[in-house]
Amino acid sequence: MGRLIRRYNSTLYGNYRKAYLVGGIITGVVMSIFLLLNSVFAAQPMSAPENYLTELILLIGILITSYLYRKQLPDEKVSLKELMLVGLGVGVISGLVFGLIIWFSCSHFSQNLVGFYNQERIKLMDDPQSSAEAKLAVETVKKYTAGDWGFIAGFRSAVMSIIITFFTALVLRTEKSPVMEKRVKQK
C-alpha cells in the first residue's frame, strides 16, 4: 500500500492567510453588491441569491487572488497545495461575507425579496398536489427567512469554490513538489 500513495514534500512561500482574507472579503462584497444592484435596478430580480453570475464572480475573484498571490512570491514559485489553501480560503471567506450581507439586506432593507425568492423556489418544485412529500417541501420553502437564504447563498458559494479552486490551482501552479521516498525500517 505504501507504494500506491505518493508522499510529497512541499513548501509554503508566502503569507497565504492574508491573501485569502483580503481576496475573500473583496470577492464576497462584490458578489453581494452585484446581486443587490440587480435586485434594485433590474426589471425582475434573479430568482435566487445563488446563481451562475455570482459563481462567475467567485471564479474571477479566486483567479485574481491566486494570480496576485503568485506574483508577489519570490521567483513566482507556488505549489498546488499553496494555491488550494488560497482558493479555498477565498471561497469560504467570500461565502461567509456573501451570506451575511444577503441575510442583513433581506432582513433590514428588502423584506419582499425573501418572499420573491420563496415563490421562485416553489415554481421549480413538484406540484404540491402530487404527493404529501411535495406538499411538505412547499410548506417548508414558504417558511424560509432571510437567514435561510443567507445560509443557502453562503454555503453554495463555499461549496462551489472547491471545484473552482481545484481548476485554478492546476492552471496557476508553477512548482511540482518532489516525491519523497518511503524509508524502510531496519530490523
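Note that these values count all heavy atoms, side chains included, but never hydrogens, waters or copies made by symmetry.
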* **From V90, V78, L83, V171, residue fulfilling side chain to side chain contact (heavy atoms under 4.5 Å, CB included) relative to S66** => L83

* Asked: Could you give the distance from CD1 (I57) to CD (E55), rounded to the nearest 0.5 Å?
  -> 10.5 Å

* To do: Would you check, one step at a time, whether the test side-chain contact (heavy atoms from CB on, under 4.5 Å) holds for L73 with E82?
  => CA-CA 11 Å; L73 295 175; E82 200 166 2; 4.2 Å; yes

* To do: Verify the cluster assignment for F155 and F98: are they in a single hydrophobic cluster under the rule of side-chain heavy atoms below 4.5 Å apart?
  => no

* Smallest separation among heavy atoms of S157 and G95, with atom names -> CB-CA, 4.0 Å

* Structure fact -> Rounding to 0.5 Å, atoms CG (L63) and CZ (F167) come to a distance of 6.5 Å

* Quick one: CD1 on I60 to OG1 on T65, what's the gap to the nearest 0.5 Å? -> 11.5 Å

* Should L36 and L58 be counted in the same cluster of Ile, Leu, Val, Met, Phe, Trp and Tyr side chains packed under 4.5 Å apart? -> yes

* **Distance in Å, I64 CD1 paired with K71 NZ, rounded so as to fall on 0.5 Å steps** => 14.0 Å

* To do: Would you kindly confirm whether I26 and V92 end up in one hydrophobic cluster when ILVMFWY residues are joined by side chain heavy atoms under 4.5 Å apart?
  => no

* Would F151 and I93 show up in the same hydrophobic cluster when neighbours are defined by side-chain heavy atoms closer than 4.5 Å? -> no

* Asked: Is the CZ atom of F166 crowded by more than 12 outside heavy atoms at less than 6.0 Å?
  -> no

* How long is the gap from CG on D148 to CD1 on I102, to the nearest 0.5 Å? -> 13.5 Å

* Asked: Going through the distances and angles, do T27 and I62 end up as a side-chain contact (heavy atoms from CB on, under 4.5 Å)?
  -> CA-CA 8 Å; T27 302; I62 290 174; 5.9 Å; no

* To do: Please report the closest heavy-atom contact between Y69 and A19, naming both atoms and the distance.
  => CD1-CB, 3.6 Å

* Asked: Do V97 and I33 share a hydrophobic cluster (ILVMFWY, side-chain heavy atoms under 4.5 Å, transitive)?
  -> yes

* **Rounded distance [0.5 Å steps], CE in M31 versus OG in S94** => 5.0 Å

* Side-chain heavy-atom pair W149, I152 within 4.5 angstrom cut-off -> yes

